[in-house]
Protein chains: 2
Amino acid sequence: MREVAALAGVSLKTVSRVVNDESGVSPEVRGRVTAAVRRLDYRPNLAASNLRRTGARTGLVGALVQDVSNAFSAGLLRSLEDAARSRHTAVLAASLDEAADREQEIVHDLVTRRVDGLVLMPATERQDYLQAELRAGTPVVFVDRAPSGVAGDAVTVDNALGARKAVEHLFDRGHTRVAGLFHLARVPTARDRFAGYGSAHAERGVGVDPRLVVLGLSSAEEAERAVHGLLDLDDPPTAVFAGRNILTEGAVRALRDRGLQHTVALVGFDDFPLADLLDPGISVVRQDVGRIGAVVAERLFARIDGDPEPPVHLVVDTEVVPRGSGEIRPAG
Amino acid sequence: MREVAALAGVSLKTVSRVVNDESGVSPEVRGRVTAAVRRLDYRPNLAASNLRRTGARTGLVGALVQDVSNAFSAGLLRSLEDAARSRHTAVLAASLDEAADREQEIVHDLVTRRVDGLVLMPATERQDYLQAELRAGTPVVFVDRAPSGVAGDAVTVDNALGARKAVEHLFDRGHTRVAGLFHLARVPTARDRFAGYGSAHAERGVGVDPRLVVLGLSSAEEAERAVHGLLDLDDPPTAVFAGRNILTEGAVRALRDRGLQHTVALVGFDDFPLADLLDPGISVVRQDVGRIGAVVAERLFARIDGDPEPPVHLVVDTEVVPRGSGEIRPAG
DNA sequence: CTACGTCCTGACAACGTTGTCACGTGAGGT
DNA sequence: ACCTCACGTGACAACGTTGTCAGGACGTAG
């Protein structure tokens, strides 16, 4: 900037005025300055500018998701990005891989970078460690899982309701032996979906057969093995509810292996790409990622703009998408 | 920081020393300062710190990809993120959606933010506009498409070779009428893949039937319609090469519609999730995203560290992944 | 007792920018 | 001829931090 000022024969302040399109600069001087700017390839230093401006925004938000390369996280990121762009804000994306220590580390780093806000898909069980940041005024919006140990806006689906809908969908088609595959019990979404699975049973007066429930599955392979185990039972399930998309994948493989994909019904939680291209198409409970992202963005930017209301927990609808696998009726 | 200094009864500089773990502070003072830091929830301001430090890094790199929510871009982002984390660097992710103006806008924004480097999957045909940034010393690594109009490191696959391998794979199984579906002709990767399709024909002494070639497809729907058109020919193709993953998807739908998925062979360029779960599994030419990302990161950080060598173009291998659809033999 | 080195600590300037205010000029009104 | 006022411009300080250097306290050797 100093060089630009020298070349244009004006003061620093005038260059600043021109660069920021402020009024009160004669056309002639403005011309000289822009020419100098162009000639010297001058780029303003946003960091310095933010430093000086009072209460300035960095125009940076952090998005801490489970894994930027999985479809749900990536979709969320994308819709957040779109909202951010219109606010001239860039998105710092980070993957947590369910690692609690990494979550804290990255949050700390992002706060040091003075992000204007954070979107967090927590990997931790409790987020007490955020107390200080929140007090310091960095808005945080939780997504996918509600916060625990701190207050903050949250955007989730009603996992229990979604799971209940899925299981009812199967009951409605005549199934009574519906297996349930779930993630680690310490993960709140898994607990909620399991609860929904249970309440669907309760509502219909069907007892839950504990042998049909498998908890603690964290990979497609584990789900695949689990389904093989279920099918080996004397009284095997006629339908399967998979509580997470990678578990659905494992279930598809196991059913396919045994040639039962058109015999045993399957509904998964979470949509995945090309689910409709499989044979049969895989019925799922869909979370509308685009909508979730949009709601998250709306909350985040409202907070950044100073919305003082108490934290809210917004619930986005889920919907059963029938594609074939969930509409298979029990044999006989 | 001033408050911390006051509370601890020391000077600013001493606080700085403690915060940055510099030597030469007595344990007692260090204790007082850390206590004050904790009490006041003090967070150092990274921007100010970078401003002062000479030639400091911002620890920020930009990744401009086609769309953070598509599998290829997201995978790349992820592997870049992993490399960046070990360098204590955060990744700013942005989607370009093949929009040239957005590309320039975002590059400009990121340069203003003083990113240490950029990874660019270009949406523009020429990147002359980057000349100034490159001269200013911001390293840029191109990925997926080589740069044009500027010099810079590039990491791509050999698209022509990959396409040739795919078509040869089909020739080897007895096909002679292999249709080719391609993206917009202005996109270099599409041109290269089309060239590879042609050279496979030339090498085997098979003439390219222009009626079997469809250029300019940019969505799954267009590809689906195109394949229907091809199948309506008097002398329809016995195999299809789809030059891009969304075109593969369209081809699968069209073949499925006609019940020809086990009759007409199909090889796609670019792998996609669950390709092996389809029936038949879809054979593809795979680009190793993880490897591409790792190579990109290696180049980028080498440049950031001052590697002065002339730009290089690194080529990552592709590999035909047989899954069933590409191994179907022609009827008769 | 002096000289000198080591160890801690702080004052000050600087990083690149912008908010504040004051200055000089010329136009318009009396 | 004088005053006022708008306008364009620049000097200066400040944002939060760190590099440089100087200074004080203390210990040790001559």
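Convention: sequence-line order gives letters A, B, ...; per-chain numbering from 1.
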Atom [atom1] of [X] and atom [atom2] of [N]: how far apart are they, to the nearest Å?
X: A:L46; N: C:dC15; atom1: CG; atom2: P; answer: 19 Å
X: B:N20; N: D:dG16; atom1: CG; atom2: C1'; answer: 12 Å
X: A:L51; N: C:dT18; atom1: CG; atom2: C1'; answer: 10 Å
X: B:N45; N: C:dC15; atom1: CG; atom2: C1'; answer: 13 Å
X: A:E22; N: D:dC7; atom1: CD; atom2: C1'; answer: 15 Å
X: A:M1; N: D:dA11; atom1: CE; atom2: P; answer: 13 Å
X: A:R2; N: D:dG10; atom1: CZ; atom2: C1'; answer: 16 Å

Steps toward salt bridge (Lys or Arg N to Asp or Glu O under 4.0 Å) verdict (A:R30, A:D21): CA-CA 9 Å; A:R30 186 178 295 274; A:D21 247 335; 3.6 Å; yes
Checking side-chain polar atoms at under 3.5 Å, does [X] have a donor or acceptor matched by the opposite partner on [Y]?
X: A:Q287; Y: A:D270; value: yes
X: B:T138; Y: B:E133; value: no
X: B:T156; Y: B:H313; value: yes
X: A:T34; Y: A:R38; value: no
X: A:S73; Y: A:N70; value: yes

Under-4.0 Å side-chain N/O to phosphate OP1/OP2 contact, A:N50 with C:dT17: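 So the side chain of A:N50 is outside the cut-off, no N or O lying under 4.0 Å from OP1 or OP2 of C:dT17.
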Phosphate contact (C:dG16 OP1 or OP2) by A:S49 side-chain N/O below 4.0 Å: no
Minimum heavy-atom distance between A:H88 and B:D109, given as atom pair plus value: NE2-OD1, 3.7 Å
Minimum heavy-atom distance between B:N50 and B:T58, given as atom pair plus value: ND2-CA, 3.7 Å
Helix axis bend for the helix from C:dC1-D:dG30 to C:dT30-D:dA1 - C1'-based end axes, five pairs, 10° rounding: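 Answer for the end axes of this duplex: 60°.
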Report all interatomic pairs (protein N or O, nucleotide N or O of nucleotides 6-13 of chain C) with separations under 3.5 Å.
residue : atom : partner : partner atom : Å
C:dT9   : OP1  : B:S26   : OG           : 3.0
C:dT9   : OP2  : B:S26   : N            : 2.8
C:dG10  : OP2  : B:S11   : N            : 3.0
C:dG10  : OP2  : B:S11   : OG           : 3.3
C:dG10  : OP2  : B:T14   : OG1          : 2.6
C:dG10  : N7   : B:R17   : NH2          : 2.5
C:dG10  : O6   : B:R17   : NH1          : 3.4
C:dG10  : O6   : B:R17   : NH2          : 3.4

Atom CD of A:E3 with >12 non-hydrogen neighbours under 6.0 angstrom: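 No, the 6.0 Å shell around CD holds no more than 12 heavy atoms from other groups.
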B:R299 CZ to B:I304 CD1 distance, which is reported to the nearest 0.5 Å: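 The distance works out to 11.0 Å.
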Close residues, residues 33-43 of chain A, relative to DNA chain C [heavy-atom separation under 4.0 Å]: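 Heavy-atom cutoff 4.0 Å gives A:Y42, A:R43.
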Trace of the salt bridge (Lys or Arg N to Asp or Glu O under 4.0 Å) decision for B:D305 with B:R57: CA-CA 10 Å; B:D305 290 339; B:R57 307 275 161 73; 3.7 Å; yes
